[in-house]
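Read the numbers this way: they start at 1 and go in the same order the structure lists the ligands and their atoms.
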Amino acid sequence: MHHRDILSTLRETSPEALADLWKRADAVRREAVGPDVHLRGLLEISSHCARSCLYCGLRAENKGLTRYRMTREEILACLKEIAGAGYGTVVLQSGEDPALNIDWMAGLIQDIKSSSRLAVTLSLGEQSDAALEAWREAGADRYLLRFETSHAGLYGRIHPPRKGSGASDRLRILRKLMALGYETGSGVMVGIPGQTHEMLAADIALFRDLGLHMVGVGPFIPHPDTPLGGAPASDTADQVPPTDLMVFKAMALTRILCPGTNIPVTTALSTINQEKGRELGLRRGGNVIMPNFTPLKFRASYAIYPEKACIRDSGIESDRKVRELIKRVGRQAGTGRGDAPAMKDGPNRNSNQR
Ligand code: 5AD
């Protein structure tokens, strides 16, 4: 599929053509990754963040947010719940919190790997090569780092560099992750102010070119306590709207271009379409859901964006709802780790082609 076909699909409005797109994405999904919907237990272990990303509620400048950091004991207690619910993966996510230093995280990862069969996915933001190496060494299996947009100008506008350093380079970090043997996930927000259809088409082509194992896309949701909080979508006709329809198009195209990749139905998608987001996401390319097992008392303090879906459901409660949904759409919950099929050929598939 060429750039211009991706682009025209993003601009498609005909109901018949869209129905065809959903059908095609679902057929590719069935063929490439089958009926399993993989469940990942999400733990938001710290809301501290040293960065200033213009869209994110966790940005350091947001003084209105109560910050927390889970203790090791709290984390281990949640892990028991996740493993007990039959999950094969835990996702440890946080802001860029300097207190989660190399040794502390490495120790935690080693503990999890020696006391359970859980695959460990890290989603801890931009980290040094030394940290990524140490955590891989300690047993971490996967890493998630969205590049948010492949357009250098837009990326730079919404990601002020860390104090005292140059512009960040998430693509370099993603290549490093793949070279280290992490199963690597990335993704973008759909509808960032200033994002054009061309940019989003380029993002989707890049998912394929990077050979990612996981691709998460969700709508941009303005957070009132951030610089992009009040931003009316720019008035150019080419602004990508942050709608569920546009997210479904991006998910379906991603499935068609990267057949074997794991595609989660994101919390942000479920937030803007609480009634149907998850179900339609599963029918239009998605094959992963990440129920939130963060203790309820911390939920409000991890407000990346407002009114996050399921903020009131405990891990066990959302697990129950998700399993019901999976049955209702005629699929089955995956058992085991749910590695991306792309991993079976070893990491870094695209650079290893013989
Ligand atoms: N709206 C939607 N998604 C957001 N994220 C951060 N802030 C927002 C927002 N306001 C997403 C980013 C990040 C992921 C953890 O959450 O894509 O990578």
Side-chain angles (χ1 to χ4, degrees), residues 40 42-62 64-65 91-97 100 121-127 142-151 154-155 157-160 168 170-171 173-174 177 184-195 199-200 203-204 206-207 212 214-233 240-244 246-247 250-251 254 263-274 277 281 288 290 292 294 299 301-311:
R40 323 293 200 196
L42 174 65
L43 274 187
E44 297 155 332
I45 60 176
S46 168
S47 68
H48 291 269
C49 191
R51 302 299 292 272
S52 308
C53 305
L54 265 60
Y55 48 84
C56 183
L58 302 193
R59 66 198 308 272
E61 290 74 9
N62 184 7
L65 191 71
V91 180
L92 303 177
Q93 190 179 83
S94 73
E96 285 184 28
D97 178 358
L100 303 181
T121 301
L122 303 178
S123 178
L124 309 174
E126 296 172 30
Q127 297 283 345
R142 309 187 184 124
Y143 204 98
L144 307 179
L145 180 68
R146 291 189 181 173
F147 60 78
E148 315 295 359
T149 171
S150 60
H151 188 274
L154 179 60
Y155 184 89
R157 282 201 291 284
I158 62 177
H159 295 103
S168 65
R170 291 197 181 179
L171 296 182
I173 300 175
L174 287 170
L177 289 165
T184 302
S186 193
V188 299
M189 285 180 292
V190 168
I192 303 167
Q195 183 186 52
M199 292 178 196
L200 183 56
D203 295 344
I204 295 169
L206 186 58
F207 297 155
L212 295 169
M214 194 275 227
V215 175
V217 293
F220 163 72
I221 303 174
H223 187 304
D225 302 326
T226 66
L228 295 181
V240 172
T243 56
D244 53 349
M246 192 55 75
V247 172
M251 289 176 73
T254 301
I263 302 183
V265 176
T266 58
T267 307
L269 174 62
S270 336
T271 299
I272 63 165
N273 185 342
Q274 307 223 353
V288 172
M290 300 167 48
N292 195 342
T294 308
R299 295 286 180 91
S301 307
Y302 202 84
I304 296 177
Y305 45 81
E307 288 169 62
K308 257 167 70 181
C310 317
I311 204 156

Side chain [X], main chain [Y], donor-acceptor under 3.5 Å:
| X | Y | result |
| --- | --- | --- |
| Ser186 | Leu145 | yes |
| Arg170 | Glu126 | no |
| Gln93 | Leu144 | no |

Provide, to 0.1 Å, the distance between [atom] and the closest protein heavy atom, together with that atom's residue and name.
| atom | answer |
| --- | --- |
| atom 3 (N) of ligand 1 | Met189 SD, 3.4 Å |
| atom 17 (O) of ligand 1 | Glu148 OE1, 2.6 Å |
| atom 10 (N) of ligand 1 | Ile221 O, 2.7 Å |
| atom 8 (C) of ligand 1 | Ile304 CG2, 3.5 Å |

Minimum heavy-atom separation for [X] to [Y], with atom names?
| X | Y | answer |
| --- | --- | --- |
| Ser150 | Met199 | OG-O, 4.0 Å |
| Gly229 | Pro222 | O-CB, 3.3 Å |
| Ser301 | Ser47 | O-CB, 3.2 Å |

Original post:
Quick one: which ligand 1 atoms are inside 4.0 Å of a heavy atom on Phe220?
Top reply: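 Counting atoms of ligand 1 from 1, those under 4.0 Å from Phe220 are 1 (N), 2 (C).
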Original post:
Is the shortest distance from a heavy atom of His223 to ligand 1 less than 4.0 Å?
Top reply: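 No, that is not the case, since the closest heavy atom of the residue is not under 4.0 Å from the ligand.
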Original post:
Between Gly218, Gly95, Pro219, which one has a non-hydrogen atom sitting closest to atom 2 (C) of ligand 1?
Top reply: Pro219
Subject >> Best match, Gln93, Arg146, Arg170: closest heavy atom to atom 15 (C) of ligand 1 >> reply: Gln93
